[in-house]
Undergrad: 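Structure provided below as structure tokens; questions to follow.
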Amino acid sequence: MAKQKLYRLAPATVVEPLVNRWSAWANLISPATASLHLLRHQLTILRDYLEDPRTHARLARDPEFAGGPFADIPVSHADQVRELVLETERQLVDNLRFAESIVDYYNWFVDEARGQALDSYYTNLPAEMRGYVELVYDYFNQPSIRFFEGLLYQSKYYDEAIQSLRLFSLRSDHERTFFLSTPRLKNQAEVDWEVAFADPRVDELFRLDLRPQPLQYISELLGIRTGDEPKLLPLLTDECGGPAEPWHGSSPRLKYFGHACVLVESAGISLLTDPVVGSRPEADGLKRFSYDDLPEKIDCVLITHNHQDHFVLETLLRLRPRIECLVVPKSSGHLFGDISLKLLGQQLNFKQVVELDALESLRLTPEVEVIAVPFLGEHGDLAHSKTAYVVRASNELIMFAADSNCLDRRMYEHVRRALGPVHTVFIGTESVGAPLTWNNGHLFLRTPTREQDQSRRYRGCDAAAALELLDALGAKRVYNYAMGREPWLEHLLGLGLSDDSPQLREGQELVQRARGRGFLAAESLFGQAEIFLDERQAPDSTGKSTAAANAPSAAQTSDTEDQFVF
Ligand SMILES: [Fe+2]
Ligand SMILES: [Fe+2]
């Protein structure tokens, strides 16, 4: 009897999680932010589109307005948008009322509360908010409202029925529209799977990356109707691939997957920072590591902060069956936009979710430990949770600073005193940064002034600040990363960068100046790279990373002040 063919997801297949047809990100999961985003961003864009679809369709494709609030939907699809709006207003009426209550009550409350006792104010709360909030002051009698996020996940404001997975084959890296401005309308050619993200069947789908299955098994899992199999087959392959063999070398091996995503392997233990993994498009794209380059088991995922390019649900869900422990920054629970990634991770059925606060550590083995260290800046001066990490592997200390800004070098001196010199540092130079309200506008219940919006940008280090950080830590190797240059980040960041963009020039200056100071390694990472901290353990014995294999691309767009990554 012929052997049954076994299939896994094809290299070009993307499985995009959706919430009510919008690409999912953390703020669409947590009920308060999701409700506010729905009311104050998504519906606003869609209604505006319906007023003038032609202008939206044109401006969404204009590089000058990239990342702006314009839906990239052809005029011929306006009826579908109208249907989505009507269906949203009907199905999510409770979320919309909840959001309206928050806006109205909060605005009234901050003017009303002047230091007097707040007991009686609970009776004034709108019905939609009752039982879900606490009214509090800080020590200066500034009022605010704390939300009980855990209770909200159990309420009518969290509806798993609006979650789904969209499976499609990526033709080119540039085809994905910006996640904040364009919903994913139903497309008959694609496979839509209406399934809650927490559903164990989602893990079954993604286990195909590890253990291929017969077509019928996959078809039944996805509930593919008879006759619809032709839609499924192009998403699958019967060719071998992955997972990667784990690294058992005694000195760490690092694999750069793009942006802030680095796989650290040491003595059989694997850690992955800010996972964002690109599928390989059907048309040739930039060379990259993909899902088949990751090991079967990822002991620890380290999340630095809740920006859409660092907490990437699409990649996290796909890797969920492999992830043993998800480490997230500790949320204070004070600002409603500072959502708890721990609660969110638990809600989405990750096996274990651990919050780390500054200088708290997680020891995985006697040789491998993760230590959270402070992350200054890049959040518009909002007290939202964030953390950098130092990974101790063998005798190496490696810092993943992501978008940290060295606003006070003394902090890094304190870290060095506490942990010892940190010889290897991964740091971004996103020195421009997005305006304050770019993707957080729904959190500001009173619109900030233009001056506030422009001055409180989400900016990280420039070259000078990064060198201060390196100097304070006693670093000998620096890798400039998290620059949003890889094309598989485009739909998350909304903007192309050219080699002439200020933040990339800062990165080049950082590398040059570090080399001038005699660093053992100083490189800008782009695409993919493999790094061996102990040169003797590199397979070709050169000890050099492969970062140079992907030279910076030629200029793609013009340089404007508004180009940034987040
Ligand atoms: Fe970032
Ligand atoms: Fe960021």
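First listed ligand is number 1; within each ligand, the first listed atom is number 1. The shown structure was predicted, so the numbers you read here are calculated from the model rather than taken from an experiment.
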Undergrad: Restricting to N/O/S, name the atom of His307 that gets closest to the Fe ion (ligand 2).
TA: ND1
Undergrad: Do NZ/NE/NH1/NH2 and the carboxylate oxygens of Arg253 and Glu530 come within less than 4.0 Å?
TA: yes
Undergrad: Excluding sequence neighbours, so at least two apart, what forms ring-ring contact (aromatic ring centres under 6.0 Å, His included) with Phe197?
TA: none
Undergrad: Is there any side-chain hydrogen bond (donor to acceptor under 3.5 Å, both in side chains) pair reaching into residues 313-327, and which pairs are they, with sequence neighbours excluded?
TA: Arg176-Glu314, Asp203-Arg320, Asp209-Arg318
Undergrad: Using only N, O or S atoms, tell me which atom of Asp309 is closest to the Fe ion (ligand 1).
TA: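 When I compare the N, O and S atoms of Asp309, OD2 is nearest to the Fe ion (ligand 1).
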Undergrad: Once the angle between the rings of His259 and His310 is folded into 0 to 90°, is it parallel (under 30°), tilted (30 to 60°) or perpendicular (over 60°)?
TA: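 Because their plane-to-plane angle lies in the 30° to 60° range, the rings of His259 and His310 count as tilted.
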Undergrad: Confirm or rule out an N/O/S atom of His310, from backbone or side chain, lying less than 2.8 Å from the Fe ion (ligand 2).
TA: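 No - counting backbone and side chain alike, His310 has no N, O or S atom under 2.8 Å.
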Undergrad: Among the N, O or S atoms that Asp403 has, which is closest to the Fe ion (ligand 2)?
TA: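 Nearest N/O/S atom of Asp403: OD2.
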